[in-house]
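This report concerns only the one structure given below.
Residues take their numbers from the sequence shown, with the count starting at 1. Scope of the values below: all heavy atoms of this structure, side chains included, with no hydrogens, waters or symmetry mates.
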Amino acid sequence: MTTPVKRITMSKPFCALAGVGPYALAKAGEVYEDMALRGRRIVSRMSREAAQEFEETAHELEGLSRSVRQQERQERETVGTATGRSRTATTRA
(Lines give C-alpha, C1' and ligand atoms only; values in the text may rest on other atoms or scores of the structure.)
Protein backbone atom coordinates (compact mmCIF):
# COMPACT_ATOMS: atom_id res chain seq x y z
CA MET A 1 0.00 0.00 0.00
CA THR A 2 2.81 2.43 0.80
CA THR A 3 4.44 1.87 -2.57
CA PRO A 4 1.42 3.09 -4.59
CA VAL A 5 1.05 6.08 -2.25
CA LYS A 6 4.76 6.88 -2.60
CA ARG A 7 4.48 6.58 -6.33
CA ILE A 8 1.55 9.01 -6.42
CA THR A 9 3.17 11.51 -4.04
CA MET A 10 6.42 11.47 -5.94
CA SER A 11 4.80 11.84 -9.37
CA LYS A 12 5.23 15.05 -11.35
CA PRO A 13 1.47 15.87 -11.49
CA PHE A 14 1.19 15.55 -7.71
CA CYS A 15 4.24 17.75 -7.12
CA ALA A 16 2.91 20.28 -9.59
CA LEU A 17 -0.47 20.38 -7.87
CA ALA A 18 1.12 20.60 -4.45
CA GLY A 19 3.22 23.55 -5.64
CA VAL A 20 0.18 25.30 -7.06
CA GLY A 21 -1.54 25.32 -3.65
CA PRO A 22 0.25 28.38 -2.22
CA TYR A 23 0.01 30.17 -5.57
CA ALA A 24 -3.71 29.41 -5.77
CA LEU A 25 -4.22 30.73 -2.24
CA ALA A 26 -2.26 33.89 -3.03
CA LYS A 27 -4.22 34.38 -6.25
CA ALA A 28 -7.52 33.80 -4.42
CA GLY A 29 -6.48 36.43 -1.88
CA GLU A 30 -5.74 38.92 -4.68
CA VAL A 31 -9.07 38.20 -6.33
CA TYR A 32 -10.86 38.63 -3.01
CA GLU A 33 -9.13 41.98 -2.33
CA ASP A 34 -9.93 43.17 -5.85
CA MET A 35 -13.59 42.19 -5.47
CA ALA A 36 -13.79 43.82 -2.02
CA LEU A 37 -12.29 47.04 -3.40
CA ARG A 38 -14.72 47.06 -6.32
CA GLY A 39 -17.60 46.38 -3.95
CA ARG A 40 -16.61 49.27 -1.69
CA ARG A 41 -16.36 51.59 -4.72
CA ILE A 42 -19.77 50.53 -5.99
CA VAL A 43 -21.40 50.97 -2.58
CA SER A 44 -19.76 54.38 -2.21
CA ARG A 45 -20.90 55.50 -5.65
CA MET A 46 -24.43 54.23 -5.12
CA SER A 47 -24.61 55.92 -1.72
CA ARG A 48 -23.44 59.18 -3.26
CA GLU A 49 -26.00 58.89 -6.06
CA ALA A 50 -28.79 58.06 -3.63
CA ALA A 51 -27.88 61.03 -1.44
CA GLN A 52 -27.82 63.32 -4.47
CA GLU A 53 -31.19 62.00 -5.66
CA PHE A 54 -32.62 62.45 -2.18
CA GLU A 55 -31.37 66.05 -2.09
CA GLU A 56 -32.82 66.80 -5.53
CA THR A 57 -36.17 65.32 -4.52
CA ALA A 58 -36.16 67.37 -1.32
CA HIS A 59 -35.54 70.56 -3.32
CA GLU A 60 -38.34 69.67 -5.74
CA LEU A 61 -40.74 69.01 -2.89
CA GLU A 62 -39.71 72.25 -1.20
CA GLY A 63 -40.44 74.17 -4.41
CA LEU A 64 -43.75 72.37 -4.86
CA SER A 65 -44.74 73.06 -1.26
CA ARG A 66 -43.80 76.72 -1.65
CA SER A 67 -45.91 77.09 -4.81
CA VAL A 68 -48.90 75.30 -3.19
CA ARG A 69 -48.71 77.59 -0.14
CA GLN A 70 -48.47 80.62 -2.42
CA GLN A 71 -51.46 79.42 -4.44
CA GLU A 72 -53.49 78.82 -1.23
CA ARG A 73 -52.56 82.29 0.00
CA GLN A 74 -53.72 83.82 -3.30
CA GLU A 75 -56.99 81.87 -3.16
CA ARG A 76 -57.66 83.08 0.41
CA GLU A 77 -56.96 86.66 -0.65
CA THR A 78 -59.26 86.29 -3.65
CA VAL A 79 -62.02 84.73 -1.53
CA GLY A 80 -61.50 87.37 1.20
CA THR A 81 -61.65 90.18 -1.33
CA ALA A 82 -64.72 88.75 -3.01
CA THR A 83 -66.45 88.23 0.36
CA GLY A 84 -65.51 91.72 1.49
CA ARG A 85 -66.97 93.26 -1.67
CA SER A 86 -70.21 91.40 -1.38
CA ARG A 87 -70.59 92.50 2.24
CA THR A 88 -69.91 96.06 1.21
CA ALA A 89 -72.40 95.76 -1.62
CA THR A 90 -74.96 94.19 0.71
CA THR A 91 -74.35 96.83 3.36
CA ARG A 92 -74.75 99.66 0.84
CA ALA A 93 -77.98 98.31 -0.60
**Study point:** side chain to side chain contact (heavy atoms under 4.5 Å, CB included) assessment of Arg76 paired with Val79
**Key:** CA-CA 5 Å; Arg76 279 188 297 234; Val79 169; 5.8 Å; no

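- Partners of Arg69 under the side chain to side chain contact (heavy atoms under 4.5 Å, CB included) rule, at least two apart in sequence or in another chain, are Ser65, Arg66, Arg73.
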Result block: side-chain N/O donor-acceptor pairs under 3.5 angstrom for residues 46-56, not counting sequence neighbours:
from, atom 1, to, atom 2, distance (Å)
Ser47, OG, Val43, O, 2.9
Arg48, NH1, Ser44, OG, 3.2

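- The line from NE2 of His59 to CG of Leu64 is 14.5 Å long, rounded to the nearest 0.5 Å.
- Put simply, CD on Glu77 and CD on Glu75 are 11.0 Å apart, with the number rounded to the nearest 0.5 Å.
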